[in-house]
Amino acid sequence: VLGRLPTSRTWESGLSLNEMAAQQAIQSIADKLACSLLDAAKGIVDMANTHMAQALRVVSIHKGYDPSQFSLLPFGGAAGLHMCAVAKQLGVQKILVPINAGALSAQGMIYAPIGQMASRSLCQAWNNEQIKHVMNIFDELQNDAELQLKHSGIRAQRIDRWLELRYQGQSSTIRIPWKQTINVTHEFESIHYQRYGFKLNQHPIELVTLRLWAYQDVPHIELEVMSNIVDGQPLDYCKVAGESDEVPIFLRSNLSMQQSIQGPCIILEQTGTFFVESGWCGEMTKHGHIRLSLTTDCP
């Protein structure tokens with residue numbers, strides 16, 4: 001309804017979009033809200049963007065990280081339709097759109113190392129005298145995890161260990177990587193302060209869980225470098241709500257290395273659709289990713 005999914009072409013699946021059916025579905029909502037068709041459609045998208053931005057705040061601001069210091073990485077078939085709006089809500093000014101973004105999770109499952117998780121719950125006060133006891137338990141967990149992998153014909157090549165701790169009386173824990181040389185109390189209090197903005201000096205710390213991950217080496221992934229033998233021209237143009245002029249539509253496979261990208265525009269690929277809003281511009285990297293920035297300097 002907003003024009004961000006072009007109806008002028010047949011999609012990779014062979015299906016075409018039914019604009020009239022979409023308008024009828026949204027009109028039923030617009031009638032109940034006594035607003036226009038476009039206002040109802042925009043309200044639905046705005047609400048979705050707000051929910052996504054709030055979810056990202058939970059894993060950033062609520063853990064002591066400033067989103068504006070990071071780049072947004074959109075993945076999933078629809079993420080590219082929301083990326084610019086969500087980034088603005090978070091104060092993020094850079095977006096990195098990976099190639100085949102809609103299939104990124106599936107690719108992650110293919111490339112992820114096979115491993116075995118093992119854990120032991122303790123729920124006891126932490127003190128430095130427990131170090132030897134912790135090391136013995138980690139040895140037991142490692143033996144168990146390696147044995148499980150061996151039954152599947154897999155040899156563990158890497159081992160990661162974590163402690164999960166909390167101040168006594170708290171319900172949630174903080175996970176810190178375990179090394180025999182670390183000062184556990186200092187590390188816990190530093191992360192707690194970063195995440196919650198305070199620490200409780202001299203308050204008892206409770207060791208809740210020991211967790212271990214035994215896994216194979218991460219496979220080496222060789223990224224293909226793009227070929228420059230493409231035209232980089234728009235496939236078509238379409239009307240998008242809120243834009244005075246028609247917006248160009250690009251096929252991602254037709255974009256060339258280091259080609260400039262300027263919003264507003266729509267970019268299509270086999271696994272997703274990307275709506276680059278006004279004020280965002282960037283270029284294709286040599287591996288086919290799209291690097292965007294929010295700036296007043298777009299040509």
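Just so you know, these numbers use all the heavy atoms, side chains as well, and skip hydrogens, waters and symmetry mates.
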For the residue pair [X] and [Y], establish whether any side-chain heavy-atom pair is separated by less than 4.5 Å.
X: I61; Y: P67; value: yes
X: I205; Y: Y167; value: yes
X: Q54; Y: H62; value: yes
X: L251; Y: E269; value: no
X: E187; Y: K179; value: no
X: L2; Y: L38; value: yes
X: I261; Y: I267; value: yes
X: I182; Y: I176; value: yes

For [Y], is there any backbone N or O sitting under 3.5 Å from a side-chain donor or acceptor partner on [X]?
X: E189; Y: K199; answer: no
X: H289; Y: I99; answer: yes
X: Q89; Y: V86; answer: no
X: R4; Y: T273; answer: no

Strictly by modelled atom types, are [X] and [Y] linked by a side-chain donor-acceptor pair under 3.5 Å?
X: Q170; Y: H203; answer: no
X: D144; Y: Q148; answer: no
X: Y237; Y: D245; answer: no

Residues, nucleotides or ligands: over 12 heavy atoms within 6.0 Å of [X] [atom1]:
X: K286; atom1: NZ; answer: no
X: R291; atom1: CZ; answer: no
X: E19; atom1: CD; answer: no
X: F138; atom1: CZ; answer: yes
X: K88; atom1: NZ; answer: yes

Can you tell me how far apart [atom1] ([X]) and [atom2] ([Y]) are? Round to the nearest 0.5 Å.
X: M284; Y: L255; atom1: CE; atom2: CG; answer: 5.0 Å
X: L72; Y: K94; atom1: CG; atom2: NZ; answer: 13.0 Å
X: Q262; Y: W280; atom1: CD; atom2: CH2; answer: 14.0 Å
X: Y65; Y: L56; atom1: OH; atom2: CG; answer: 15.0 Å

In terms of the angle between their ring planes, are F188 and H192 parallel, tilted or perpendicular, with boundaries placed at 30° and 60°?
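Rings of F188 and H192: tilted, 30 to 60°.
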Think R161 forms a cation-pi with W178, using NZ or CZ under 6.0 Å from the six-ring centre and within 45 degrees of its axis?
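The answer is no; the distance or angle limit is not met.
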Do F275 and H82 make the cut of ring centroids closer than 6.0 angstrom?
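When the ring centroids of F275 and H82 are compared, they turn out to be at least 6.0 Å apart.
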